Chemist: 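Questions regarding the structure given below will be posed in turn.
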Number of protein chains: 2
Amino acid sequence: MTASAQGKPKSNSAIAVEKLRELIFSGELPAGSDHLETELALRLGMSRTPVREAALTLEAQGLLEVRARKGVRILPISARDMEEIYDVLTELESMAAAQAAKQGYDAKALAPLAKTIADMEVALDSEDRAAWAAADDRFHNELVRLGGNSRVVAIVALMADQVRRARAVTLYMRPLPLKSNADHRAVLEAIRAGDAASAHAIHRSHRTNAKQTLVQILQTNRLHMV
Amino acid sequence: MTASAQGKPKSNSAIAVEKLRELIFSGELPAGSDHLETELALRLGMSRTPVREAALTLEAQGLLEVRARKGVRILPISARDMEEIYDVLTELESMAAAQAAKQGYDAKALAPLAKTIADMEVALDSEDRAAWAAADDRFHNELVRLGGNSRVVAIVALMADQVRRARAVTLYMRPLPLKSNADHRAVLEAIRAGDAASAHAIHRSHRTNAKQTLVQILQTNRLHMV
DNA sequence: GTATGCATTAATGTATACGTTGTCAACGAA
DNA sequence: TTCGTTGACAACGTATACATTAATGCATAC
């Protein structure tokens, strides 16, 4: 089927979730800012009801906070928040890597993961940071998918959203992660070889390094409002 | 201030969340059952709006699913689900135990954790399974709190809800966990000694054992609808 | 007897009106 | 001048009416 003939009717509530996410990630709704429900409803061209429902959904996802008579507040992300998030990602992704290694995937099943690594390599060569970030997201998402734990997939997706918000600010403040792809390849190789312990250890150290790099950037730049 | 003079006004939406959680945990809304919004609204003595908002919140928490024109479905829990949940709990709680050990807590700060272990001991002596389960919940909750990662606390709380639902069925089907308190004490001791590696390893093996016990019960009894 | 299509209906999705309540500012008293 | 009080306002929380749409059942044709 082609992507053109989708034809699936989306509810306004679902549309509101998408639009609000876009507005938050694009920075049009900056972290720490307040927005009235009526104002958002007007902006999205619908009534308050679906906007309110979307706000509740996004609140559960940790992107904003609904406060009585003060509108929704887009949650800021502090350096401490990023530490917490990276620690969770480190644990759950490392577990996923280990479990993926135990599944005995063949080369075909691992092809999507290998593709993301190749894409990152191309992006690094052309110094295309945005493309690198997109491929990196796909790598981590695919990794946990291979782990086979649907709850890990869901939690990591939520945390990755927050990382993406922070990265929108930090992406151009740090050196290109030229060496990180060696880690990615090593993880892939460990999974292919069925070496769960190595997959776990390598990914853990990879994530730990990434955490230190990012937290240092956030702290030295006092970017507690991302 | 005394607890009697609380006087905090709760919104109907918040009340609906509480009531629905009670109905789900008590089994009055059995896993797998469907319930119309109108019916629930009538049952809770309020209009559809707050009930609907509560349903969205509980959906985000993984307790139920809202389906168009079919009402909300209380999600069943399969043995596979419990495996996933226990794997997540194992990783995050072990990390929390290790981080708690690094904090250098004194005896006073660890007193609440020690109290839950003492309570479990008393409950085991009197073979009071319900009291043991309640104290065990408090132990795990307090443990992650000491870890200091608020996101881990939140995720573990969500997963613990699911465990509680399953335990309502399995609590009386398994032997009393007479030896588990030795694990709890060992974890506490490792934290007190500041031995992060031991705290991590001990708690991990504790959780792994618990997982195997529970999953085996669920599988042998075909309890895929808990 | 079966299958297809249409009409009915019932439940959600959405809009809107209204009540409730916290906020903010102006005014007055100390 | 400053602090406290009061009042109006405005935004949310809730109820309710309405639109939408999918499921269901019946009738009809093959």
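Owing to the predicted nature of the structure, the values given are computational and were not obtained by experimental measurement. Here is the naming used below: chain letters follow the sequence lines, and residue numbers restart at 1 for every chain.
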Chemist: Anything under 30° is parallel, anything over 60° is perpendicular, the rest tilted; go ahead and classify A/Phe139 against A/His184.
Modeler: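 Tilted, since the angle between the ring planes falls between 30° and 60°.
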Chemist: Could you run down nucleotides 14-24 of chain C 5' to 3' and tag each one B, S or - for protein heavy-atom contact under 4.0 Å?
Modeler: BBBB---BSS-
Chemist: Keeping the roles fixed (side chain from B/Glu53, backbone from B/Ser13), state whether a donor-acceptor pair exists under 3.5 Å.
Modeler: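 No; zero donor-acceptor contacts below 3.5 Å.
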Chemist: Within this structure, what is the CZ-to-C1' distance between B/Arg73 and C/dT12, rounded to whole angstrom?
Modeler: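 Taking atom C1' of C/dT12 as the reference, CZ of B/Arg73 is at 16 Å.
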Chemist: Find the distance B/Arg67:CZ to C/dT12:P and express it as a whole number of Å.
Modeler: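 Spelled out: CZ on B/Arg67 to P on C/dT12 is 11 Å.
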Chemist: Who pairs with A/Lys115 by salt bridge (charged side-chain N to carboxylate O under 4.0 Å, His left out), at least two apart in sequence or on another chain?
Modeler: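 A/Lys115 satisfies salt bridge (charged side-chain N to carboxylate O under 4.0 Å, His left out) with A/Asp119 only.
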Chemist: Would you be so kind as to tabulate the donor-acceptor pairs closer than 3.5 Å made by side chains of residues 32-43 of chain A, with sequence neighbours excluded?
Modeler:
{"unit_1": "A/Ser33", "atom_1": "OG", "unit_2": "A/Pro30", "atom_2": "O", "d": "2.5"}
{"unit_1": "A/Ser33", "atom_1": "OG", "unit_2": "A/His35", "atom_2": "NE2", "d": "2.7"}
{"unit_1": "A/Asp34", "atom_1": "OD1", "unit_2": "A/Arg73", "atom_2": "NE", "d": "2.9"}
{"unit_1": "A/Asp34", "atom_1": "OD2", "unit_2": "A/Arg67", "atom_2": "NH2", "d": "3.4"}
{"unit_1": "A/Asp34", "atom_1": "OD2", "unit_2": "A/Arg73", "atom_2": "NH2", "d": "3.1"}
{"unit_1": "A/His35", "atom_1": "ND1", "unit_2": "A/Glu39", "atom_2": "OE2", "d": "3.3"}
{"unit_1": "A/Glu37", "atom_1": "OE1", "unit_2": "A/Arg48", "atom_2": "NE", "d": "3.3"}
{"unit_1": "A/Glu37", "atom_1": "OE1", "unit_2": "A/Arg48", "atom_2": "NH2", "d": "3.3"}
{"unit_1": "A/Glu37", "atom_1": "OE2", "unit_2": "A/Arg52", "atom_2": "NH1", "d": "2.9"}
{"unit_1": "A/Arg43", "atom_1": "NH2", "unit_2": "A/Glu28", "atom_2": "OE1", "d": "3.4"}

Chemist: Would you please name every residue forming a side chain to side chain donor-acceptor pair (under 3.5 Å) with B/His203, sequence neighbours left out?
Modeler: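 Testing B/His203 for side chain to side chain donor-acceptor pair (under 3.5 Å), a comparison that skips the adjacent residues, returns B/Glu93.
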Chemist: Without swapping roles, check the side chain of A/Ser11 against the backbone of A/Ala14 for a donor-acceptor pair under 3.5 Å.
Modeler: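 At least one qualifying donor-acceptor pair exists.
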Chemist: Per the salt bridge (charged side-chain N to carboxylate O under 4.0 Å, His left out) rule, what does the pair list look like for residues 145-161 of chain A, sequence neighbours excluded?
Modeler: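 Sorted result for residues 145-161 of chain A: A/Arg21-A/Asp161, A/Glu142-A/Arg145, A/Arg151-B/Asp81, A/Arg151-B/Glu84, A/Asp161-A/Arg164.
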Chemist: Can you give me the first and the last nucleotide of DNA chain D (5' to 3') that has an atom within less than 4.0 angstrom of a non-hydrogen atom in chain A?
Modeler: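 Contact span on the strand: D/dA11 to D/dT14.
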Chemist: Considering residues, nucleotides and ligands other than A/Gln216, do more than 12 of their heavy atoms fall under 6.0 Å from its CD?
Modeler: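 At most 12 heavy atoms, drawn from other residues, nucleotides or ligands, come within 6.0 Å of this atom.
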